Amino acid sequence: MRPIQARISAGAMTHNLRVAKSHAGAARVFAVIKANAYGHGLSRARRALAAADGFAVLTLEEAAKLRLMGVEQPILMLEGIFGADEIARCAEFDLWPVLHHVAQLDWWRRHPPARPVRVFLKFDSGMHRLGFPLADHAAIVARAKNLNNIAGITLMTHFAEADEAAGVDWQLQPFLRELAGHGLPWSSANSAALLRYPSTLGDWVRPGLMLYGASPFAEVSAEQLGLRPAMTLRSEIISVQTLQPGEGVGYGQLFRAERAMRLGVVACGYADGYPRHAPTGTPVLVNGRVSRTLGRVSMDMLCVDLSGCADAGIGSPVVLWGEGLPVDAVAVASGTSSYELLCALAARVPVEEVA
Ligand SMILES: *Cc1c(COP(=O)(O)O)cnc(C)c1O
């Protein structure tokens, strides 16, 4: 069998949820498990994160799946309903949709559910992606309250820069100021806000990334945050080559040896979810030691430097990210984010669940 594998640790996810809860105080925690739980598997994540107060997903299909798996906690649909037909199914499966656009209010007016459903009204406090304008809050809340079978309203917003220097106050302060008068519960925090800004906690927090053991911050490591990596992408060396000075490796011959050197060919490529744009020098663990990738990543293989790994050969273990090599380090080196790397784990990679 091709030696690549993703080891996914339920224990790490459970641990990371405890870290999230310790920051959340009295706020309840939605474990965000959209995008197949950031690549970790919906069903696996919901079991590992069973102590969450609720789950947040993107679509009705995911939400209904969770109900059919026996999830009893609240389930939030982060982008809400994509059509009027989904309203009845929210009632059927007891799902909480986010309403962020007047079109959704209109669908609800014309097709109210058969029984009461709680909704989250999302306001745009500066992200300018989804949400009602803050300035329209009085009219929007009044309109929502007039709809049939609304069980309750929670106010919501989302931060654009919680992980960066600009922070959250430029969004949070207007959000709280405008909406305080309604006396409704509210939710704003993603992982970065939960970890850094207690002022954002509100009634529900919505951590995603941190549950999988990656850091939302460029300058603070997951380990420093007390998080454990949930996914370890590992493989093995399947060929060893020796390059002479001036010889190149791989498509485009992007890496050329300056002196004679050994390289290892690893059974992992972009069709497994490893980023094709990872340049020479992206960190990788070979036999437990840090080495670097060489040349262009191909579909099913990539090459690593064995210069400092005299003991490495065919069958030597390689960790692409995870245990011993933070996914954040690979993300930085390849100019992307740990979100993208984790979500991109390909379906063809066999997953082994470990404690
Ligand atoms: C994905 C998402 C989250 C989780 O964000 P993380 O940065 O992964 O913690 C929270 N809220 C909304 C609306 C989201 O779409």
Side-chain angles (χ1 to χ4, degrees), residues 12-13 16-17 19-24 27-40 42 45-46 49 52-60 62-63 74-82 95-101 104 119-132 154-164 166-168 171-172 175 185-197 200-218 220 222 225-227 229-231 327-328 331 336-345:
M13 286 190 265
N16 297 334
L17 176 62
V19 175
K21 285 191 147 187
S22 76
H23 286 269
R28 284 179 288 170
V29 178
F30 280 119
V32 178
I33 55 174
K34 63 188 175 189
N36 195 30
Y38 294 46
H40 296 68
L42 187 71
R46 79 98 191 167
L49 302 170
D53 301 298
F55 291 99
V57 293
L58 209 58
T59 63
L60 192 125
E62 294 166 296
I75 299 176
L76 183 67
M77 292 157 59
L78 288 166
E79 292 182 1
I81 45 178
F82 295 96
L95 310 174
W96 296 358
V98 170
L99 302 181
H100 59 80
H101 197 279
Q104 294 171 319
V119 299
F120 278 49
L121 286 186
K122 184 171 189 176
F123 285 89
D124 171 28
S125 56
M127 181 96 166
H128 293 130
R129 208 176 49 176
L130 297 186
F132 301 103
T154 302
L155 305 172
M156 171 179 167
T157 197
H158 191 54
F159 297 120
E161 297 180 300
D163 54 333
E164 292 176 38
V168 296
Q171 290 183 261
L172 181 67
F175 175 77
W186 59 282
S187 170
S188 72
N190 58 2
S191 295
L194 171 60
L195 289 164
R196 194 166 266 181
Y197 302 106
T200 64
L201 295 179
D203 294 270
W204 283 95
V205 295
R206 310 186 306 267
L209 186 71
M210 68 177 291
L211 302 177
Y212 310 103
S215 170
F217 308 114
V220 188
L225 295 168
L227 303 172
M231 179 195 294
V327 65
D328 299 309
T336 182
S337 71
S338 44
Y339 294 86
E340 188 180 16
L341 295 184
L342 296 173
C343 288
L345 180 74

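Here the structure is a predicted model, which is why all the values come from computation and not from measurement. One-based numbering, in listed order, for ligands and for the atoms of each.
The contact set between ligand 1 and Leu209, taken as ligand atoms under 4.0 Å from a residue heavy atom, comprises 6 (P), 8 (O), 9 (O). Residue-ligand proximity, Tyr38 to ligand 1, at heavy-atom distances under 4.0 Å covers atoms 1 (C), 4 (C), 5 (O), 6 (P), 8 (O). Interface atoms of ligand 1 facing Ser191, defined by a heavy-atom separation under 4.0 Å, are 6 (P), 9 (O). Close contacts between ligand 1 and Pro207 involve ligand atoms 9 (O) [criterion: under 4.0 Å to a heavy atom].
Atom 12 (C) of ligand 1 has its closest protein heavy atom at His158 CE1, 3.4 Å. Of all protein heavy atoms, the one lying nearest to atom 11 (N) of ligand 1 is Arg206 NE, 2.9 Å. Nearest protein heavy-atom neighbour of atom 7 (O) of ligand 1: Tyr339 OH, 2.6 Å. Summary of contacts: the protein heavy atom closest to atom 2 (C) of ligand 1 is Lys34 NZ, 2.6 Å. Looking at atom 5 (O) of ligand 1, its nearest protein heavy atom turns out to be Asn190 CB, 3.6 Å.
Residue Leu78 places no N or O, backbone or side chain, under 3.5 Å from any N or O of ligand 1. Considering backbone and side-chain N/O of Arg129, none are found under 3.5 Å from N/O of ligand 1. By the 3.5 Å distance cut-off applied to N or O atoms, Lys122 is not counted among the residues near ligand 1.
Checked by atom type, the side-chain pair Glu62/Thr59 shows a donor-acceptor distance below 3.5 Å.
Judged by distance alone, the side chain of Arg206 and the main-chain N or O of Ser187 form a donor-acceptor pair under 3.5 Å. Listed for the Ser191 side chain is a donor-acceptor partner under 3.5 Å among the backbone atoms of Gly208. In this structure, the side chain of Asn36 engages the main chain of Leu42 through a donor-acceptor pair within 3.5 Å. Side-chain atoms of Asp328 come within 3.5 Å of backbone N or O of Ser215 as a donor-acceptor pair. At distances below 3.5 Å, not a single donor-acceptor pair connects side-chain atoms of His23 with backbone N or O atoms of Lys21.
Between Trp204 and Phe30, the two ring planes are parallel [angle under 30°; tilted spans 30° to 60°].
Annotation: cation-pi pair Arg46/Phe55 absent, no NZ/CZ under 6.0 Å from the ring centroid and within 45° of its normal.
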